[in-house]
Amino acid sequence: MTLKRLVLFFVLTPIAVLLAVSALFGSWQEPQFQSRLELYQTNIALQAQAWQSEDSSDDNLQGIREAILGEQPLESATKQYQEARQSVQANLDKVNNKLTQLRSQTEITPIPPKPLPDVPPTTKTSKQGQQQLQQSLKQLQKLLAELDLRLGILQAQQGKTDTALKTWSELQQRSDINPEFGETADVLSGLWSNPPRLLQNSQERIQKNLEGWFRSTTLVQLYQLQQRQDALSALKATQQESAAQAVIKLAVIGTIPTLAALIGLILLIFLFAQLLLKGKASLLAQNADVPWSTPWDGETILQVFIVGFFFMGQIFVPLLLSLLPIPRPVGDVRLQAFYVLVSYFLVASGALLVLYFSLKRFFPLPEFWFRFHFQDKWFLWGLGGYCAALPIVVVVSLINQQLWQGQGGSNPLLQLALESQDGIALGIFFSTAAIAAPFFEEILFRGFLLPSLTRYLPVWGAILISSLLFAIAHLSLSEIIPLTALGIVLGVVYTRSRNLLAPMLLHSLWNSGTLLSLFVLGSN
């Protein structure tokens with residue numbers, strides 16, 4: 001065995017596996033983005049429930065309102081917040097238990113008979129683990145306090161004043177909360193007490209620590225008690241305007257994906273029925289068992305992914321960026337977006353260069369390798385694959401959420417895109433997620449990995465393994481199952497069409513749809 005093989009198989013690969021496993025288990029401590037996303041959507045639904053058309057007797061408009069918001073929006077929102085609170089509390093208990101275990105392991109013990117090193121590796125690792133857990137603990141405590149403030153308002157609006165007062169009272173008694181939340185809970189308790197208590201700086205507290213429907217609802221209560229009719233009229237006019245905008249937002253983020261998913265469901269039924277009736281003559285059976293002619297072996301596959309993809313993304317590029325005299329993008333969302341784009345471009349360029357030099361000696365490549373053919377049905381395959389992926393991934397994601405209970409981490413780009421309302425920053429995010437990512441990832445995972453695996457596996461096995469590795473590469477535990485499902489659809493589209501443009505279009509539509517939904521939700 002050559003030195004190159006020894007280093008690749010016994011040094012670089014184990015290091016990459018350990019780092020990947022460490023990153024995946026590290027993501028277990030982080031909150032899952034989907035939970036926050038659902039609360040954003042619930043908040044918009046609460047704003048929208050105040051919407052009233054000019055003609056309140058119009059049954060059609062009332063029907064549209066109920067179709068978008070449901071018959072009992074307040075009750076639905078309360079249930080959503082209670083479930084979110086239970087999930088956060090459960091994760092908070094887990095983090096507290098882990099912290100207790102780590103602290104007990106690092107307590108002072110009797111002096112051993114032999115001297116120990118000054119800083120044992122286990123102690124160092126334990127301290128790092130404690131710091132990560134402490135950070136997670138603070139985030140969860142803050143989120144729990146925010147949920148309790150809002151849950152109390154929901155309860156009060158449904159006439160459950162005693163329950164709301166109890167919720168805020170328990171929040172005030174917790175020693176771990178920020179004083180800001182305790183003071184806001186005191187303000188809320190005063191507003192809904194009998195008789196009411198109006199505290200100083202009530203309006204400032206409400207505006208600072210509440211938002212959207214929760215802020216406007218609380219301000220209505222305040223203005224009514226203060227008998228400020230002008231402020232109340234202005235607020236209700238603003239509420240009505242915000243409610244109309246919220247209805248439009250819900251229609252956009254609900255109607256378009258629902259229609260696409262319905263089309264996808266019909267398409268899936270048609271394709272499977274065709275497969276049963278026509279067998280090998282059906283679209284799903286097209287090229288299903290035809291492997292690629294692969295002139296390289298597993299060493300080349302490892303070289304491309306370990307050196308070109310993993311080390312480039314996890315070590316080389318981060319090290320290069322840390323050495324360059326460029327400002328760190330803290331606080332400025334445009335800089336953050338640009339930093340993400342530059343980082344991704346450097347990782348993609350490095351990986352594609354490694355891919356090129358790894359395969360150069362095999363040129364010219366056999367037929368169907370890295371095929372881009374514009375005079376083909378790639379557009380139909382890509383669009384149909386997107387519609388078919390929607391119902392599959394939605395069902396898988398619902399099951400996945402129950403497994404992870406709000407933990408498991410998520411792509412940090414999603415949170416940035418959700419909270420950013422800067423047009424330039426969103427344009428840069430779109431360039432990264434909807435153009436650069438589909439081009440690079442499809443070349444690597446579908447264009448190279450999947451066909452390469454057909455040297456050792458049947459086509460369906462290559463699709464499954466490449467999809468799993470595609471999901472793992474995103475380094476978030478909670479995303480592995482949904483991304484594997486998406487990867488399988490991408491793999492089926494590519495193996496049947498034999499055209500990289502098809503999965504690239506599917507991937508781009510998927511990321512574009514996600515960014516559009518985040519932009520609409522974040523504009524609340």
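Values below: all heavy atoms of this structure, side chains included; hydrogens, waters and symmetry mates excluded. One is the number of the first residue; the rest follow in order along the sequence.
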Query raised in the report: Do you know the tightest heavy-atom contact between V354 and M312?
Result: CG2-CE, 4.4 Å
**Report entry** For the student: nearest non-hydrogen atoms of Y344 and A437, plus distance
**Finding:** OH-CA, 3.2 Å
**Report entry** Main-chain N/O of L8 paired with T13 side-chain donor or acceptor, under 3.5 Å
**Finding:** yes
Query raised in the report: Salt bridge or not for E211 and R150, using N-O below 4.0 Å?
Result: yes
Report task. Return the minimal non-hydrogen interatomic distance between A462 and L450, and the atom names on each side. Result -> CB-O, 3.5 Å
Query - SB check D376 R371 (cutoff 4.0 Å) - result: yes
Query raised in the report: Taking NZ, NE, NH1 and NH2 as the nitrogens, is one of them in D148 or R85 under 4.0 Å from a carboxylate oxygen of the other?
Result: yes
Query raised in the report: Which pair of non-hydrogen atoms, one from Q239 and one from S216, has the smallest distance, and what is that distance?
Result: NE2-OG, 3.3 Å
Query raised in the report: F305 and F311: aromatic ring centres closer than 6.0 Å?
Result: no
Query raised in the report: Side chains of E442 and H507: donor-acceptor distance under 3.5 Å anywhere?
Result: yes
Report task. Using only heavy-atom distances, determine whether the side chains of Q303 and K4 contain a donor-acceptor pair under 3.5 Å. Result -> yes
Query raised in the report: Is it true that F310 and F316 have ring centroids separated by less than 6.0 Å?
Result: no
Report task. Mind telling me whether F370 and F448 have parallel, tilted or perpendicular rings, with 30° and 60° as the class edges? Result -> parallel
**Report entry** Under 3.5 Å donor-acceptor, S22 side chain and L18 backbone
**Finding:** no
Report task. Start with the C-alpha gap between F445 and F440, add the side-chain angles, then the distance that decides, and say whether ring pair (Phe, Tyr, Trp, His ring centres under 6.0 Å) holds. Result -> CA-CA 9 Å; F445 286 94; F440 166 58; 7.8 Å; no
**Report entry** Ring-face cation contact, F181 with R205, 6.0 Å cut, 45° max
**Finding:** no
Query - Side-chain donor-acceptor pair present, D93, Q89, cut-off under 3.5 Å - result: yes
Query - Under 3.5 Å donor-acceptor, Y81 side chain and L154 backbone - result: no
Requested in this report: Examine the side chains of Y494 and N287 and answer whether a donor and an acceptor come within less than 3.5 Å of each other.
Outcome: no
